[in-house]
Amino acid sequence: MNQFATTPQKDAIHFLVAFFLSIAVIAADHNSDFMRDLRSALLTLLDPIERIAQTPQQIYNNLTTDFTSFDEIKQENERLKTELLLLKAKQQQLIKMEQEVSRLRALLGTTGRVNNATFQIATVNFFSSNPLSQFITINKGAMDDVKPQQTVIDALGIIGQVVNTTPHSSRVLLITDPAHQLPVRIQRTGQRGILSGSGHDNTQLNFIPKSSEILVGDLLETSGLGGIFPSGYPVAIVSKVISRASDPYYEIFATPLGQLNQARQVLILKQQRTPFAKINTDLDTELSPNSATDSTLDSINSGQIDSKPAGQN
C-alpha cells in the first residue's frame, strides 16, 4: 500500500473535513454568538467596499431622477400657467355676461346673446420700448391662422391688435401706441369714448363731455363699436381727470390693465363677427324720418368709429 493517498482519496478526505467543519460551525453558530460577531465584523469590513461599488449607479439614478423631475415640473408649470391664463380670460367674459344679463333682465326681462369666440395662445418674442412705436412680436403667424385686426389679450385685459403677420410670427400694436385708437365705454355709466395711446405705457380717453359723470378709478371696457374689438373686455382704469375752462371735453388719462411690458404669454381672440349693414352714401335720403330705424342708426353709429390704427385701410 502506498504511503501517500491517491487523488480521489484526498478529495474524499477534504470533503469529510469540510463537512464536519461545516457541522461544527453551524453548531457553534446555533449555541453561541461567535459566528454572529464574526459576520458583523466581516460586514463592517465589506460595507465601505460595497458603498464604493454602488456609488456610480447611485449617481446615475440621482441624475436621471432629478432631470426627469425637473422636466416634469417645468411642463406642469407651463400647463398650469396656460390654464390660468385661459381661465382668467374667460372670467373677463363671465363678468361681462353677468352684467349684461342683469341689465337686460331689468330692461326687457330676458337674457342676451353672448358672442362666441375661440382663443389661441401665443408667446411674446419681442417688446418695443420706444414710446413712439409700442408693439410686441408673438410666435404665431399666418400659418397658425392669425390675421390682421384680431384682438390680443392677456389675463387682465386688452393688449392690442394684430397689425402684420408673417408665416410664423405677428406684430401686435399695443393700445398705448400713439397711432392706436380703441372704442370704449365707462362700465359704471355706459358713456362711450375713444381711448388713444399716448406712449410711455399710458392712454388718454377722448370725447367725454363735461356733462358726463366720470371718476378716477372708473373701469373702461371695450364697447364693441367699429367691429374690431369684441364688447365687454376690460381695457384700462381712469387715473386722472382734468377739466379745463376753455375745453368742452374732459382731459382724461387711463392706465392699461394688461401687462403690456411683462406679459410672456397672450391670447389671440378669434371672434365670429356679423357683417355690418351697408350704408348708402346719400345719408339725407337714408336718414329721412320715414325710413330711419333703430337698427340703421345703430349700424351708422358703429361705422362712424374706426378702431383701426392710423394709416391702416
Under 4.5 Å between side-chain heavy atoms, counting indirect links through other Ile/Leu/Val/Met/Phe/Trp/Tyr residues: same cluster for [X] and [Y] or not?
{"X": "V172", "Y": "F126", "result": "no"}
{"X": "I138", "Y": "F119", "result": "yes"}
{"X": "I121", "Y": "I153", "result": "yes"}
{"X": "L174", "Y": "I228", "result": "yes"}

Kindly determine whether I242 and F253 satisfy side chain to side chain contact (heavy atoms under 4.5 Å, CB included), including the steps that lead there. CA-CA 9 Å; I242 301 174; F253 296 92; 4.0 Å; yes
I want to check something: taking the side chain as every heavy atom from C-beta on, are [X] and [Y] in contact at a cut-off of under 4.5 Å?
{"X": "I252", "Y": "V238", "answer": "yes"}
{"X": "I158", "Y": "T151", "answer": "yes"}
{"X": "L156", "Y": "Q259", "answer": "yes"}
{"X": "F135", "Y": "F127", "answer": "no"}
{"X": "N261", "Y": "D201", "answer": "yes"}
{"X": "V152", "Y": "L267", "answer": "no"}
{"X": "L84", "Y": "L80", "answer": "no"}
{"X": "L195", "Y": "L220", "answer": "yes"}

Looking only at side chains, do [X] and [Y] share a donor and an acceptor under 3.5 Å apart?
{"X": "Q187", "Y": "E221", "answer": "yes"}
{"X": "S212", "Y": "Q191", "answer": "yes"}
{"X": "S198", "Y": "Q204", "answer": "no"}

Determine whether R185 and S231 satisfy the following criterion, side-chain hydrogen bond (donor to acceptor under 3.5 Å, both in side chains), listing intermediate values before the conclusion. CA-CA 10 Å; R185 61 169 172 254; S231 174; 3.1 Å; yes
Give the C-alpha distance, both sets of side-chain angles, the deciding distance and a yes or no for side chain to side chain contact (heavy atoms under 4.5 Å, CB included) between L205 and V184. CA-CA 9 Å; L205 181 60; V184 297; 3.6 Å; yes
Under the criterion side-chain hydrogen bond (donor to acceptor under 3.5 Å, both in side chains), I'd like the reasoning laid out for S196 against N206: C-alpha separation, chi angles, the key distance, then a yes or no. CA-CA 7 Å; S196 301; N206 302 319; 2.9 Å; yes
Look only at the side chain of [X] and the backbone of [Y], and say whether a donor-acceptor pair between them is shorter than 3.5 Å.
{"X": "T165", "Y": "A142", "value": "no"}
{"X": "N164", "Y": "R171", "value": "no"}
{"X": "Y250", "Y": "S243", "value": "no"}
{"X": "K88", "Y": "G157", "value": "no"}
{"X": "D218", "Y": "L215", "value": "yes"}

In plain terms, say whether D145 and K140 are close enough for a salt bridge, that is, a side-chain N and a carboxylate O under 4.0 Å apart. no
Considering only NZ, NE, NH1 and NH2 on the basic side and carboxylate oxygens on the acidic side, decide whether E78 and K74 come within less than 4.0 Å. no
Is there a side chain to side chain contact (heavy atoms under 4.5 Å, CB included) between T222 and V235 once you walk through the steps? CA-CA 7 Å; T222 52; V235 181; 3.6 Å; yes
Do the rings of F207 and Y249 sit parallel, tilted or perpendicular, given the 30° and 60° boundaries? perpendicular
Distance check, rounded to the nearest 0.5 Å: Q265 atom CD versus K81 atom NZ? 7.5 Å
Hey, could you give me the CG/OG distance between D177 and S133, rounded to the nearest 0.5 Å? 5.5 Å
Mind running salt bridge (charged side-chain N to carboxylate O under 4.0 Å, His left out) on K240 and E251 for me, showing each step along the way? CA-CA 8 Å; K240 184 184 295 185; E251 185 177 358; over 6 Å; no
Would you name the heavy atoms of [X] and [Y] that are closest together and state the gap between them?
{"X": "T203", "Y": "T255", "result": "OG1-N, 4.5 Å"}
{"X": "L85", "Y": "D154", "result": "CD1-C, 4.0 Å"}
{"X": "R192", "Y": "I208", "result": "O-CD1, 3.4 Å"}
{"X": "G160", "Y": "I175", "result": "CA-CG2, 3.9 Å"}
{"X": "I268", "Y": "Q150", "result": "CG2-OE1, 3.3 Å"}
{"X": "V146", "Y": "S170", "result": "CG1-OG, 3.5 Å"}

Can you check side-chain hydrogen bond (donor to acceptor under 3.5 Å, both in side chains) on Q134 and T176, steps first, answer last? CA-CA 7 Å; Q134 298 204 316; T176 53; 2.3 Å; yes
Side chain to side chain contact (heavy atoms under 4.5 Å, CB included) between L260 and I159, worked out: CA-CA 6 Å; L260 308 184; I159 291 286; 3.4 Å; yes
Are F229 and H180 near enough that their ring centres are under 6.0 Å apart? yes
Residues in salt bridge (charged side-chain N to carboxylate O under 4.0 Å, His left out) with D144, at least two apart? none
